[in-house]
K.L.:
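Could you have a look at this structure, given as C-alpha cells, before my questions?
Note that these values count all heavy atoms, side chains included, but never hydrogens, waters or copies made by symmetry.
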There are 2 protein chains.
Amino acid sequence: MKVSIKEVAKLAGCSTATVSNVINNRNKFVSESVRKKVLDAMGALNYKPNNFAQTLRKGRSNIVGFVVPDLMNYFFTELASAIQSVLTENGLQLIVMNSEYSLDKEKQYIRQSVDQYASGIIIASLAEKYSHLEDCLSDDFPAVFIDRNPLGCKKDCITINNFQAAYEATQTLIRKGHQKIGIINGTLNISTSKERLAGYVAALEEAGIALDDRLIKHRSKDRTGHEGQRLIEELLEAGITAVFIVNNQTTIKVMQYLIDRQIEIPGQIAVIGFDDYEWSSITKPSLSVIRQPTFEMGVKAAEILLKRINSPSADFQEHYVLPSKLIQRSSI
Amino acid sequence: MKVSIKEVAKLAGCSTATVSNVINNRNKFVSESVRKKVLDAMGALNYKPNNFAQTLRKGRSNIVGFVVPDLMNYFFTELASAIQSVLTENGLQLIVMNSEYSLDKEKQYIRQSVDQYASGIIIASLAEKYSHLEDCLSDDFPAVFIDRNPLGCKKDCITINNFQAAYEATQTLIRKGHQKIGIINGTLNISTSKERLAGYVAALEEAGIALDDRLIKHRSKDRTGHEGQRLIEELLEAGITAVFIVNNQTTIKVMQYLIDRQIEIPGQIAVIGFDDYEWSSITKPSLSVIRQPTFEMGVKAAEILLKRINSPSADFQEHYVLPSKLIQRSSI
DNA sequence: TTGAAAGCGCTACCAT
DNA sequence: ATGGTAGCGCTTTCAA
C-alpha cells in the first residue's frame, strides 16, 4: 500500500480530515461537491484505507476471532465457513483459532483477540462455567457463544435444542421396540452433553424403562473419536439393541467397528448418529441421524455478533435455540 | 491493550528504543543486564506488543492469507487446518478467503492481502495461467500455490502427482478386466484436471484401448457436485463398466445416484473416487479411492511460505510433488 | 550501548 | 463545512 490519505487530499484539493470524514461516511460534515471530488480522487488513485493505521487510531480492528476446539471436526469447519461468509459481506475478517480441547489455549486466544482490538469473538467453548472465562472477557466486549452455553453465561448464545434432539432420537428407538438403548455422549462438563443426556433420560422415563448406568457412556476429550470403539464394545457387552451417538466422528468409528465385525445394522443393533452430511446417505446402511442446522447456526451467530458490535451498550442478552430434526434412514 | 512500550521503558529505567530492541531480539545493541530488566518489566506488566502499531511501522503484518475456491469442500478445509497449525506455531495468523470459484474474487483477495501488508499468501488458484495474476502479485511477494499450478507459475508450488494418481487408478481398473472406463474430471482449465486426464489417457493407450470421447466428462465450475448425477447418467448410457471420479463431492453424488437406482457396485459398475476420509470405509460398498496427503500438503505449503518470508530475496523456486496412493476397497 | 525523536496512516478534537 | 494537528504504539535512524 503506497497511496495514502495525503495524496487523496492533495488531488481532491482538501484536507486529510475531510477525506477521513468521507471515508467514514460522516456526511454531515462534508458538502456534496467536496464529497464527490474526494470520491473521484480515491477512485483515480485506487486508494484503500490502511487497516492497521485505522485500527491503531480507533482502537478497534475489523477482525473477528472464532475459537473452536477441533478443526478436524466438520461441524466446526462448517460453522467457520458460515460465519466467514456473513462477516465478509460486512467488511470484517475472520481468524479461526484452534484451542485443541485445551481451556488454557481457549483463554489465551480470547485474551489475544481482546488485546489485539478484535471487533468481537465467537466461541465454541470448553468452559463448564462462564466464571472460568470472566477474567479474560469484559462485560462490554462483543462475544457470542455457539454450540455450548457455559453455566451462568453473560453473553449471547446460539445452540440447538439438545434436549429435544436426544429425546426424539431415544423415543423413536423405543417406539421401534428397543428397551436396552445405549448412549455415547460427549464429555459431561459441556452444556450440550448435559442436555442430550437429559433428553435421553426423559424419553426412557416416560416409557417406564429403568435407567441403566452401564448403558450410558461418555467420551473423554478425545479428538479423533477412537474412543468410540471401546465404548461401543462395552455397550454391546451390556446387551444393547440400539445406540444413540451424539458426535459425528464417533458415529463413524462405531459404524466401522460394527461393519468390521459383521454385526447387522439395524438387525442386531440400531444406530442413530449425529450431524447430517452428504455421505450419511451412502453408508452401509444409510445412517439415521439428528440433523442440526449447522450453517444456520453460524450465520445466526455472526448476525448476532454484528448486532452486538453495532450497539455494544445495548441491554439485550439472547439465547437462540435452533431446531434439530431426526432424519430416518435405514440404520434403525 | 493498555500497557505500551512506554510503561515498560519507564519500569525498566530505559528508553523505548531499547525496549524495542529487546522485543525484536536485536541483542547486540543491548547489554545483558538491561535486557534482563526489560524482560522482567514486560513480565511484570504482562506486556504484549501491539500488532497494529508494529505493522504500521514495519510495513508488514503477521497475517497470512489463504485463498480457496470452496469452503464446503473438506479438502480445502483440511488444507486450511494444516496451514493454520504450522503458522500459529510460528506466530503468524491465518485468514481464509473464499473465492467461490470466481477468478475476480480471487484476484480481489490477493490484492487485499498484498495491500494489507500480509506476510504472505497461499493460493488454491482458479487461474489457468499465471499471467492472469501477474498484475496483483509482484515477483518478490511471498506466495505459494497449492493443489493447482497455473501455467508459467513463478512462485513455489505444492501439488500431488496427479498424472500418476489417474494412471494408477485407470490401470487398476483395466487389470480388473474393464475396457469401457469413464472419467468424471474437473474443469479442464486447471492443471490438476489436465494432468489427471493425461494419466487416464496414458493408461488406456498403454493397454491398447481406444479413446472414446463419450467416456470423458468434465465438471463445469460446480460447487455442490450435483452435476455429477447428470454426468454419470450419460456415462452409463455410453455403456461404461467402471468410472474414475476425481473429486470427493462428485463421488458422493455419483454413489447416491447408483445406490438409489440399485445399480450393483462393483458388479455392474466399479468406482474409484478421490480423497480418503474416515467415512470412505463405511459406505456401501466401501470406497476405493486415491488418497492424497492433504494435511501434509498444507504443512509443506506453510513451511515453504515461512522459508520464503524469511528470505524473500532468495533465488529458489520450487515445485514439490507429493505422492498419492490408491486405497483398494470393495467398490472395485 | 543507549536515547531522542521522526514518522508509519489515520482519526478526532478543536478552531475557524 | 473545512482544516490544523496531536497522537494511537511502535521501529528506526542518527547522535551521543
K.L.:
Quickly work out the A/N51 CG to C/dG9 P distance and round it to whole Å.
P.N.:
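To the nearest whole Å, that distance equals 14 Å.
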K.L.:
Whole angstrom is fine here: how far is it from NZ in B/K37 over to P in C/dT1?
P.N.:
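Those two atoms, NZ and P, are 15 Å apart.
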K.L.:
Roughly how many Å is it from CG in B/N27 to P in C/dT2, rounded to a whole number?
P.N.:
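My rounded result for the distance is 12 Å.
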K.L.:
Give the angle between the helix axes at the two ends of the helix from C/dT1-D/dA16 to C/dT16-D/dA1, taking five base pairs at each end and rounding to 10°.
P.N.:
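The angle separating the two end axes equals 40°.
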K.L.:
Check every strand shown and say whether B/R26 touches a base, only sugar-phosphate, or nothing at a heavy-atom separation below 4.0 Å.
P.N.:
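Since only primed, P, OP1 and OP2 atoms lie under 4.0 Å of B/R26, the category is sugar-phosphate.
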K.L.:
Applying salt bridge (Lys or Arg N to Asp or Glu O under 4.0 Å), name anything that partners B/E296, two or more places apart in sequence or on another chain.
P.N.:
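Scan of B/E296 (salt bridge (Lys or Arg N to Asp or Glu O under 4.0 Å), adjacent residues dropped) gives none.
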K.L.:
For a quick test of reading the model: is some side-chain N or O of A/Q54 closer than 4.0 Å to OP1 or OP2 of C/dT11?
P.N.:
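Yes, A/Q54 has a side-chain N/O under 4.0 Å of OP1/OP2 on C/dT11.
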K.L.:
Is A/N24 touching bases, backbone alone, or none of the nucleic acid, heavy atoms closer than 4.0 Å?
P.N.:
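Sugar-phosphate only.
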K.L.:
Quick one: which protein N/O atoms are closer than 3.5 Å to N/O atoms of nucleotides 4-7 of chain C? Pair and distance per line, please.
P.N.:
| from | atom 1 | to | atom 2 | distance (Å) |
| --- | --- | --- | --- | --- |
| C/dG7 | N2 | B/R57 | NE | 3.4 |
| C/dG7 | N2 | B/R57 | NH1 | 3.0 |

K.L.:
Indicate yes or no for a side-chain donor-acceptor contact from A/E100 to the backbone of A/K105 under 3.5 Å, with no hydrogens or angles considered.
P.N.:
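No, the answer is negative, given that no donor and acceptor are paired below the 3.5 Å cut-off.
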K.L.:
Using the side-chain heavy atoms of A/K58, tell me which of these nucleotides is nearest: C/dT11, D/dG9, C/dT1.
P.N.:
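Nucleotide nearest to A/K58's side chain: C/dT11.
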K.L.:
Take the protein atom CG of A/N21 and the nucleotide atom P of C/dA12, then report the distance between them rounded to whole Å.
P.N.:
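Value for this atom pair: 9 Å.
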K.L.:
For B/F29 and D/dC14, what is the distance between atoms CZ and C1' respectively, to the nearest whole Å?
P.N.:
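B/F29 atom CZ is separated from D/dC14 atom C1' by 12 Å.
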K.L.:
Would you classify A/S20 as touching base, sugar-phosphate or nothing, given that sugar-phosphate means primed atoms plus P, OP1 and OP2, and contacts are heavy atoms under 4.0 Å?
P.N.:
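Result for A/S20 = base.
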K.L.:
In chain order, what residues pass the ring-ring contact (aromatic ring centres under 6.0 Å, His included) check against A/Y74, with sequence neighbours excluded?
P.N.:
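Per chain and number, A/Y74 pairs via ring-ring contact (aromatic ring centres under 6.0 Å, His included) with A/Y277, B/Y74.
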K.L.:
Who are the side-chain hydrogen bond (donor to acceptor under 3.5 Å, both in side chains) partners of B/K154, not counting sequence neighbours?
P.N.:
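Counting only residues at least two positions away or on another chain, B/K154 forms a side-chain hydrogen bond (donor to acceptor under 3.5 Å, both in side chains) with B/E134.
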K.L.:
Which is more 5' along DNA chain C, the nucleotide nearest B/S33 or the one nearest B/L56? Just name the residue.
P.N.:
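This one resolves to B/S33.
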K.L.:
Can you tell me if A/T18 touches the phosphate of D/dG3, counting only side-chain N or O atoms and a distance under 4.0 Å to OP1 or OP2?
P.N.:
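Indeed, a polar side-chain atom of A/T18 lies that close.
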K.L.:
Side chains of A/V68 and A/T77: does their closest heavy-atom pair fall under 4.5 Å?
P.N.:
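Result no, sub-4.5 Å side-chain heavy-atom pair not found.
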K.L.:
Contact between A/M42 and A/K37 at the side-chain level, heavy atoms closer than 4.5 Å - yes or no?
P.N.:
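A side-chain contact under 4.5 Å is absent here.
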K.L.:
Report yes if the side chains of B/Q93 and A/M97 come closer than 4.5 Å at any heavy-atom pair, otherwise no.
P.N.:
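Of all side-chain heavy-atom pairs linking A/M97 with B/Q93, at least one is under 4.5 Å.
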K.L.:
Taking atom C1' of D/dT2 as reference, at what distance in whole Å does atom CD of A/E32 sit?
P.N.:
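Value for this atom pair: 15 Å.
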K.L.:
Atom CG of B/N50 and atom P of C/dG9: how far apart are they, to the nearest Å?
P.N.:
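So the two atoms are 17 Å apart, to the nearest Å.
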K.L.:
Is a side-chain donor or acceptor of A/Q317 paired with a backbone partner of A/K155 at a separation under 3.5 angstrom?
P.N.:
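Such a contact is found between A/Q317 side chain and A/K155 backbone.
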K.L.:
What's B/V30 touching, base or sugar-phosphate or nothing? Going by heavy atoms closer than 4.0 Å.
P.N.:
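Sugar-phosphate only.
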K.L.:
Using a 4.0 Å heavy-atom cut-off, does B/V34 contact any base of the nucleic acid, only the sugar-phosphate backbone, or nothing at all?
P.N.:
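Sugar-phosphate contact only.
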K.L.:
Where the side chain of B/R148 meets the backbone of B/S125, is there a donor-acceptor pair that is under 3.5 Å apart?
P.N.:
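Yes, the answer is positive, given that a donor and an acceptor are paired below the 3.5 Å cut-off.
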K.L.:
Could you list the donor-acceptor pairs under 3.5 angstrom formed between side-chain atoms of residues 82-91 of chain B and any protein atom two or more places apart in sequence or on another chain?
P.N.:
| from | atom 1 | to | atom 2 | distance (Å) |
| --- | --- | --- | --- | --- |
| B/Q84 | NE2 | A/V96 | O | 2.7 |
| B/S85 | OG | B/A82 | O | 2.8 |
| B/T88 | OG1 | B/Q84 | O | 2.8 |
| B/N90 | ND2 | B/V86 | O | 2.9 |

K.L.:
Rounded to whole angstrom units, what separation is found between the CZ atom of B/R60 and the C1' atom of D/dC10?
P.N.:
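So the two atoms are 17 Å apart, to the nearest Å.
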